[in-house]
Amino acid sequence: MKYLVVGSGGPGFASREEAVKVLKQIVLPSFDQLMKLERQKKILAGGLPVGDRAVVFIAEAASNEELDQILRNIPMWGTLDWEVTALQTFAGRAAQERSIVKELKK
């Protein structure tokens with residue numbers, strides 16, 4: 001199953017020291033995890049909206065539970081607001097619409 005995943009509302013920083021700490025302990029390890037997920041083909045496409053503290057990607061997972069675990073393993077999981085949308089395939093929706101057309105013609 002494919003999912004559109006948006007994580008937004010990343011942390012701001014009160015000081016330079018806090019920025020260094022959050023970047024080293026949360027943000028950079030999160031990017032490392034996201035790149036690992038790309039290599040594993042769990043993230044099919046994605047990136048960061050330019051100038052925004054957010055991340056957007058298409059994830060592949062066998063179930064909602066698997067995707068939940070993937071997201072929880074990203075270090076910035078607890079610092080972002082997550083919006084997840086399950087995606088239906090084009091072929092799946094086309095088949096559904098063809099079936100509806102067939103029924104409506106009766």
Side-chain angles (χ1 to χ4, degrees):
M1 211 171 160
K2 291 180 180 65
Y3 299 86
L4 172 63
V5 179
V6 178
S8 62
F13 311 116
S15 67
R16 293 173 70 103
E17 293 79 17
E18 182 181 12
V20 169
K21 181 179 177 182
V22 170
L23 289 170
K24 285 179 69 176
Q25 294 180 2
I26 298 173
V27 176
L28 292 172
S30 293
F31 290 153
D32 291 338
Q33 179 67 13
L34 292 166
M35 290 183 292
K36 178 181 176 184
L37 290 165
E38 279 184 314
R39 289 189 301 275
Q40 295 172 341
K41 306 295 186 206
K42 291 296 183 181
I43 292 180
L44 306 178
L48 291 85
V50 175
D52 197 357
R53 291 188 321 252
V55 60
V56 179
F57 55 89
I58 303 290
E60 177 82 40
S63 66
N64 294 341
E65 292 75 18
E66 180 186 2
L67 180 65
D68 185 68
Q69 191 60 51
I70 288 169
L71 295 178
R72 288 174 176 268
N73 287 333
I74 299 170
M76 68 173 96
W77 176 79
T79 65
L80 297 180
D81 297 320
W82 295 93
E83 182 180 333
V84 177
T85 304
L87 300 174
Q88 185 176 21
T89 65
F90 297 125
R93 176 54 73 89
Q96 185 178 8
E97 298 299 342
R98 283 186 180 92
S99 176
I100 290 170
V101 167
K102 193 176 191 178
E103 286 297 314
L104 291 172
K105 283 184 165 182
K106 288 182 180 180

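Bear in mind the structure is a predicted one, so any value in this text is a computation, not a measurement.
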Worksheet entry | ILVMFWY network linking I58 to V6, side-chain heavy atoms under 4.5 angstrom | yes
Worksheet item: Where do P49 and A54 come nearest, in terms of heavy atoms and distance?
Response: CD-O, 3.6 Å
Worksheet item: Measuring from L37:CG to I43:CD1, what's the distance to the nearest 0.5 Å?
Response: 4.5 Å
Worksheet item: What do you reckon, is CD of E83 surrounded by more than 12 foreign heavy atoms closer than 6.0 Å?
Response: no
Response to the item:
Between T89 and G92, the two heavy atoms sitting closest are OG1-N, 2.8 Å
Worksheet, complete the sentence: dist I70:CD1 -> Q33:CD (nearest 0.5 Å) comes out at 9.0 Å
Discussion item. To the closest 0.5 Å, what do you measure between CG (L48) and CZ (F57)?
Written reply: 10.5 Å
Item to complete: Please identify each residue that fulfils side chain to side chain donor-acceptor pair (under 3.5 Å) with K42, with sequence neighbours left out.
Response: E66
Fill in: Interatomic distance, R72 atom CZ to I74 atom CD1 [nearest 0.5 angstrom]
12.0 Å
Practice prompt. Measure the spacing between CZ of R39 and CG of L34 and express it to the nearest 0.5 Å.
Written response: 10.5 Å
Worksheet item: Is there a donor-acceptor pair closer than 3.5 Å between any side-chain N or O of E60 and the backbone N or O of M1?
Response: yes
Discussion item. L80: which residues meet the side chain to side chain contact (heavy atoms under 4.5 Å, CB included) condition with it, sequence neighbours left out?
Written reply: V55, M76, W82
Worksheet item: Rounded to the nearest 0.5 Å, how far apart are OH of Y3 and CG of L87?
Response: 9.5 Å
Worksheet entry | Under 3.5 Å donor-acceptor, D68 side chain and N64 backbone | no
Discussion item. Go through it in stages, so that I can follow the logic: the residues are K21 and E17, the test is salt bridge (charged side-chain N to carboxylate O under 4.0 Å, His left out), and I'd like the CA-CA distance, side-chain angles, deciding distance and then a yes or no.
Written reply: CA-CA 6 Å; K21 181 179 177 182; E17 293 79 17; over 6 Å; no
Worksheet item: If you group Ile, Leu, Val, Met, Phe, Trp and Tyr by side-chain heavy-atom gaps below 4.5 Å, do V56 and L71 land in one group?
Response: no
